[in-house]
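Quick note on labels: first sequence line is chain A, next is B, and so on, each numbered from 1. Keep in mind that what you see is a predicted model, and the values were worked out from it rather than measured.
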Protein chains: 2
Amino acid sequence: MERTPEHEHLHEQDDRRDRQREASTIEKTLALVGDRWTILLLRAAFRGIRRFDDFCADLGIARPILTARLRKLVDAGLMTKEQYQQHPPRYEYRLTPSAIALSPAIVALVRWGDEHLSTEQPATILVHAPCGTKLQQAFWCATCATTFGPTAIRGIPSGPN
Amino acid sequence: MERTPEHEHLHEQDDRRDRQREASTIEKTLALVGDRWTILLLRAAFRGIRRFDDFCADLGIARPILTARLRKLVDAGLMTKEQYQQHPPRYEYRLTPSAIALSPAIVALVRWGDEHLSTEQPATILVHAPCGTKLQQAFWCATCATTFGPTAIRGIPSGPN
DNA sequence: AGCAGAGAGTTCTGATTCAGTACTCATCGA
DNA sequence: TCGATGAGTACTGAATCAGAACTCTCTGCT
């Protein structure tokens with residue numbers, strides 16, 4: 001399931017290496033987050049939900065799956081499991097900064113869904129709180145002081161090699 | 001992305017109906033896009049891949065699954081299947097504007113993965129092609145002409161209700 | 001005419017993972 | 001002691017995954 005860097009039996013072009021590397025990190029991302037529940041779970045956590053049964057009720061997720069998802073997120077360092085009570089041991093799950101850093105991605109998905117998938121029901125729209133303007137999400141270049149679209153993005157390898 | 005300690009939710013307003021409605025559209029989004037392959041497929045398409053066998057080779061995806069994913073994306077209006085040659089009928093798959101609108105979400109996921117999941121391998125960083133500056137992703141308010149982080153986002157219901 | 005080959009799939013297999021109901025286990029409060 | 005609460009497990013069938021092999025229609029070559 002996890003694709004190790006060694007596991008490149010099907011690449012024939014060598015300019016694929018860059019892609020391969022990038023793919024493997026995004027593959028890891030998707031292996032973590034790319035299923036029907038994990039994003040929903042994180043979203044619930046962003047709304048302040050912390051306990052097992054609350055997640056269960058809020059999302060309508062089956063318990064064994066919730067157990068598995070929470071464990072996976074804790075293992076990945078996106079949530080922590082903390083005991084908030086000794087005597088009957090009770091735990092709560094909290095987001096780590098790493099998970100909070102995912103919020104732009106989650107917001108982008110929510111926005112896209114609202115704009116492209118909502119049917120008869122009016123979607124919630126996200127606005128800039130200070131002025132109430134409908135949210136735009138763009139890429140911002142501090143050097144050029146402009147926003148730009150996806151066509152102006154290029155990937156370059158970072159680091160010493 | 002700046003984070004303020006007290007802000008652990010994107011927006012609260014615990015109107016249950018609001019949440020419920022929003023959840024259902026994000027659920028649809030995730031049902032479409034929330035699996036191990038779809039995002040990877042879209043990413044490949046963003047890189048210019050258009051043909052069945054090329055997707056197959058590039059992603060290492062099994063053919064039946066690719067068939068299913070492409071069909072799902074075409075049905076959802078994210079891709080079009082166009083015949084580019086008559087005589088042996090050959091098709092290619094192209095992204096629609098609706099899919100291109102997903103790019104902020106995909107970029108956000110890639111970036112997050114590169115920052116939080118990459119191990120020893122240096123991650124590819126995304127840059128603004130014209131000037132080479134490292135990509136910032138922000139929310140942009142056209143009215144205020146500023147960018148802002150997730151803390152300044154509020155959700156409001158659109159339409160009646 | 002005959003045959004290899006490309007492109008775009010479809011049909012079969014098993015192996016995994018998903019999802020749901022029902023159950024456990026410990027503890028508290030009445 | 002009885003029941004409720006919180007946090008899980010066990011066990012089940014359904015769906016999805018991965019891979020190999022197969023089909024079908026043309027094209028290009030000989």
Hey, is the side chain of [X] poking within less than 4.0 Å of OP1 or OP2 on [N], counting only N and O atoms?
X: A:K81; N: D:dG8; answer: yes
X: A:Y93; N: D:dG6; answer: no
X: B:R71; N: C:dT10; answer: yes
X: A:Y91; N: D:dT5; answer: no

Separation of atom [atom1] in [X] from atom [atom2] in [N], rounded to whole Å:
X: B:F55; N: C:dA6; atom1: CZ; atom2: C1'; result: 18 Å
X: B:F52; N: C:dT10; atom1: CZ; atom2: P; result: 7 Å
X: A:M79; N: D:dA7; atom1: CE; atom2: P; result: 13 Å
X: B:L66; N: C:dG7; atom1: CG; atom2: C1'; result: 13 Å
X: B:L59; N: D:dG19; atom1: CG; atom2: C1'; result: 16 Å
X: B:R50; N: C:dA8; atom1: CZ; atom2: C1'; result: 17 Å
X: A:L70; N: D:dG6; atom1: CG; atom2: P; result: 16 Å
X: A:I49; N: D:dG6; atom1: CD1; atom2: P; result: 14 Å

Side chain to side chain contact (heavy atoms under 4.5 Å, CB included) partners of [X], counting only residues at least two apart:
X: B:E82; result: B:T80, B:R94
X: B:A45; result: B:F55, B:M79, B:L95
X: B:A101; result: A:W112, A:H116
X: B:P64; result: B:A62

B:F52 side, atom CZ; B:T67 side, atom OG1 - distance, nearest 0.5 Å:
3.5 Å
Going by the rule salt bridge (Lys or Arg N to Asp or Glu O under 4.0 Å), which residues pair with A:R63 if we only count those two or more places apart in sequence or in a different chain?
A:D53
Set of side-chain hydrogen bond (donor to acceptor under 3.5 Å, both in side chains) partners for B:R51, sequence neighbours left out:
B:Y84
Partner set under side-chain hydrogen bond (donor to acceptor under 3.5 Å, both in side chains) for B:Y91, not counting sequence neighbours:
none
Polar atom pairs between nucleotides 18-23 of chain C and protein, under 3.5 Å, N or O only, would you list them?
unit_1	atom_1	unit_2	atom_2	d
C:dC18	OP2	A:R69	NH2	3.2
C:dA19	OP1	A:R36	NH1	2.1
C:dA19	OP2	A:W37	NE1	3.0

May I ask you to decide if A:L117's main-chain N or O and B:K28's side chain share a donor-acceptor pair within less than 3.5 Å?
yes
Let me have a per-nucleotide readout for nucleotides 24-30 of chain C, 5' to 3', with B, S or -, counting only protein heavy atoms under 4.0 Å.
---SS--
